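Take a look at the structure below.
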Amino acid sequence: MTSPASPAPSVATPSPSPSTQTRQQAEKVLVLDFGSQYAQLIARRVREQHVYCEIVRHDITAERIRDLAPRGIILSGGPSSVYEAGAPRCDPALFRLGIPVLGICYGMQLACDALGGRVGQASTREYGRAACEVIDETTLFAGVPARTDVWMSHGDQVDGIAEDFVPLARTATCPFAAVRHRSLPVYGLQFHPEVTHTPAGGTILRNFLIEACGCSGNWRLDDFAAAKIEEIRRRVGGNRVICGLSGGVDSAVVAALLSRAIGDQLSCILVDNGLLRKAEAAAVIDEFTSHFKTDLHVVAAEEMFLGVLAGVTDPQEKRRRIGKAFVDCFAAEAAKIEDATFLAQGTLYPDVIESGAAADGPAATIKLHHNVGGLPEDLQFDLVEPLRDLFKDEVRHLGLQLGLPERIVWRHPFPGPGLAVRCLGEVTKPRLDTLREADAIVLEELERAGLMRKVSQAFAVLLPVQSVGVMGDARTYEDTLAVRAVETEDFMTADWSHLPYEVLARISTRVINEVRGVNRVVYDVSSKPPATIEWE
């Protein structure tokens, strides 16, 4: 567990491996990101159609695109207006590459504007579902009902198309809900096919990928593990790799993949800081000693972490102290491992995108994933990030393929500072033990109700708020526990989960009856934004 406040280690950035170069030569689609909140979702939906997809900067040059040789290009939506000064634009030459282009929302407006159309403010803004009438069933709309619901989110729209464009669909207020160019392989959708609120969105995307782009749709995650194992073996050779285990899904999958690839050349470090969930350390130790038989180093550091947190209530100070303590523990243990050359991390594709490393431009940087976090500058390793091409759901499926048990693969996300930021106020062992027991009850009841896969993240928060209660004939004055459960696609935004009342009732009854020191349970019904998922 680490804190974002920790300093970054000095690591060597690897050059593209042979398997990476092979992948880059295979059929793929590029998504040009214009600042859309759905850019990652577009990429995920493309991969669901078994076509490999990468997100790149919106201003990538046509020459660079030609070098990457994608089968197709998707222009994402975005918050700007194409007619505003400084609005993000793409290289207009990309429309003349002969590579099929699909513009979505802002991307459609940009394509039409670049090729002679007009874009302006819509007379009626559309946000939400809209009834769409298909007027040309060829290519994009093959197999789509003549009338179908679509999801709109725009204030601007194409209000005039050049003679070279043909309308494909319309809504009551948007005459050009979808278009195609007569001679160039350029298509546009004013609505968002990537969201679940567009029922035929998957069909439309598949039509673009298979019919327009000529993709075979044969990319499979099943092939990923074998390719990565071979890549890791070739790159690592006979050297030793250190992997930091946090109890989370990402680090566990990395460790499992490395164990399969290099066996006893892998050393894992688990810092048991006393801030983990109930039985979490024991589960990790069992899995990576009994099943994967890894060289596992467990640092028993609960006393140290409780010491540095004593009397601290400010959330940022908690994070800073936890981050520094983790660095000290990890570095000290790593120094005991002889001949360690590589450091493995569970960086995922969203981490790469957010850092700009996937942006394919001069601003590209590589950020360190929170599983290991900031290490001292004099602790030098070559960096191994075998999951950096995958999204979270793909990582989970890979974990199952590698033989990790579902209880680890489907664990809900857990913050780097652990329970310390769910224990509001001062962090003490008694308060952590109270929170740990209550949190376990929340997860047990969700599992019992079959809701663990439906809920994206759920946990308990111990509040520094006491209230009066009655237990038996005695008056109590004890702590309040908040239950938080959210549903989200990408954790950038989230809605509170509408858990059944009977599930909430069982959670409340069990916590109050079984966890000493709690006499009141409340449920958090705030969404993100304006609230955050975690309380601190």
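Values below: every heavy atom of this structure, side chains too, minus hydrogens, waters and symmetry copies. Bear in mind the structure is a predicted one, so any value in this text is a computation, not a measurement.
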Assess whether salt bridge (charged side-chain N to carboxylate O under 4.0 Å, His left out) is satisfied between Arg407 and Glu287, documenting all intermediate values. CA-CA 11 Å; Arg407 70 178 184 276; Glu287 192 61 33; 3.6 Å; yes
Over all atoms of both residues, closest heavy-atom pair of Gly77 and Cys105: CA-CB, 4.2 Å
So, for Asp149 and Ala131, which heavy atoms are closest and what is the spacing to 0.1 Å? OD1-CA, 4.1 Å
Asp295 side chain vs Ser267 backbone, donor-acceptor pair below 3.5 Å: no
Which heavy atom of Ala283 sits nearest a heavy atom of Ile408, and at what distance? O-CD1, 4.5 Å
Min side-chain heavy-atom separation Leu276-Val284 under 4.5 Å: no
Ion pair check, Arg411 and Glu406, cut-off under 4.0 Å: no
Aromatic plane relationship, Tyr38 with His192 - under 30° parallel, 30 to 60° tilted, over 60° perpendicular: perpendicular
Separation between SG (Cys243) and NE2 (His297), nearest 0.5 Å, reads 12.0 Å
Contact summary for Val271 and Phe330, nearest pair of heavy atoms: CG2-N, 4.5 Å
Quick one: is the NZ or CZ of Arg129 closer than 6.0 Å to the six-membered ring centre of Trp151, and within 45° of its axis? no
In terms of side-chain heavy atoms, does Glu534 have a donor or acceptor partner in Gln457 at a distance below 3.5 Å? yes
Relative to Phe391, does Arg47 satisfy both conditions: NZ or CZ under 6.0 angstrom from the six-membered ring centre, and within 45 degrees of the ring's axis? no
Can you see whether Glu487 engages Ser497 through a side-chain donor-acceptor pair at a distance of less than 3.5 angstrom? yes
Consider only side-chain N and O atoms of Thr509 and Asn513, and report whether a donor and an acceptor are under 3.5 Å apart. no
Is atom CD of Glu303 surrounded by more than 12 heavy atoms (other residues, nucleotides or ligands) closer than 6.0 Å? no
Pairwise side-chain contact, Lys318 with Val312, heavy-atom cut-off 4.5 Å (strictly under): yes
Please answer whether the main-chain N or O of Leu504 pairs with a side-chain N or O of Ser508 as donor and acceptor at a distance below 3.5 Å. no
Pair Glu445 + Arg506: basic N to acidic O under 4.0 Å: yes
Counting N and O atoms only, with roles assigned by atom type, does the side chain of Glu194 sit under 3.5 Å from a partner on the main chain of Ala43, one being a donor and the other an acceptor? no
Passes side chain to side chain contact (heavy atoms under 4.5 Å, CB included), Tyr501 versus Val503? Steps please. CA-CA 5 Å; Tyr501 289 147; Val503 174; over 6 Å; no
For the residue pair Asn273 and Glu302, confirm or rule out a side-chain donor-acceptor distance under 3.5 Å. no
Could you walk me through whether Asp33 and Ile42 pass the side chain to side chain contact (heavy atoms under 4.5 Å, CB included) test, one step at a time? CA-CA 10 Å; Asp33 184 8; Ile42 295 171; over 6 Å; no
Roughly how far apart are Arg436 CZ and Arg277 CZ, rounded to 0.5 Å? 11.5 Å
Please report the closest heavy-atom contact between Cys132 and Phe191, naming both atoms and the distance. SG-CE2, 4.4 Å
Decide yes or no for Leu432 and Val427: does some side-chain heavy atom of the first lie under 4.5 Å from some side-chain heavy atom of the second? yes
Using salt bridge (charged side-chain N to carboxylate O under 4.0 Å, His left out), reason through Asp250 and Lys392 one step at a time and then give a plain yes or no. CA-CA 8 Å; Asp250 306 335; Lys392 190 76 169 188; 3.0 Å; yes
Report yes if some heavy atom in the side chain of Ile441 is under 4.5 Å from a heavy atom in the side chain of Val515; otherwise report no. yes
Do you see a donor-acceptor pair shorter than 3.5 Å between the side chains of Arg520 and Thr480? no
Taking NZ, NE, NH1 and NH2 as the nitrogens, is one of them in Arg448 or Glu444 under 4.0 Å from a carboxylate oxygen of the other? no
What is the minimum heavy-atom distance between Val521 and Val511, and which atoms define it? CG2-CG1, 3.9 Å
Check: Gly201 main-chain N/O paired with Arg45 side-chain donor or acceptor under 3.5 Å: no
Option from Val395, Val384, Ile229 for which side-chain contact (heavy atoms from CB on, under 4.5 Å) with Leu257 holds: Ile229
Report yes if the side chains of Arg44 and Asp393 come closer than 4.5 Å at any heavy-atom pair, otherwise no. yes
May I ask you to decide if Glu133's main-chain N or O and Arg147's side chain share a donor-acceptor pair within less than 3.5 Å? no
Hey, are the side chains of Glu437 and Asp439 touching, using non-hydrogen atoms and a 4.5 Å cut-off? no
Any chance the rings of Phe459 and His412 have centres within less than 6.0 Å? no
Between Trp496 and Val525 (side chain of the first, backbone of the second, donor and acceptor by atom type, cut-off under 3.5 Å), is there such a pair? yes
Determine whether Ile74 and Leu30 satisfy the following criterion, side chain to side chain contact (heavy atoms under 4.5 Å, CB included), listing intermediate values before the conclusion. CA-CA 6 Å; Ile74 297 178; Leu30 300 180; over 6 Å; no
With the side chain counted from C-beta on, respond yes when Trp410 and Arg396 share a heavy-atom pair under 4.5 Å apart, and no when they do not. yes
Could you please spell out the steps behind the side chain to side chain contact (heavy atoms under 4.5 Å, CB included) verdict for Tyr523 and Ile507? CA-CA 10 Å; Tyr523 188 53; Ile507 290 172; over 6 Å; no
Supply the atom-to-atom distance Phe208 CZ to Leu189 CG, rounded to the nearest 0.5 angstrom. 9.5 Å
Is a side-chain N or O of Arg220 found less than 3.5 angstrom from the main chain of Gly217, in a donor-acceptor match? yes
Please round to the nearest 0.5 Å and tell me the distance separating atom OG of Ser36 and atom CG of Leu75. 11.5 Å
Can you measure from NZ (Lys228) to CG (Leu387) and round to the nearest 0.5 angstrom? 8.5 Å
Give a yes or no answer on whether the side chain of Ser76 reaches the backbone of Ala39 with a donor-acceptor pair at less than 3.5 Å. no
Atom pair NZ (Lys28) and CH2 (Trp219), whose distance is rounded to the nearest 0.5 Å: 13.0 Å
Within the 4.5 Å heavy-atom criterion, are Val421 and Trp535 side-chain neighbours or not? no
Give a yes or no answer on whether the side chain of Ser290 reaches the backbone of Asp286 with a donor-acceptor pair at less than 3.5 Å. yes
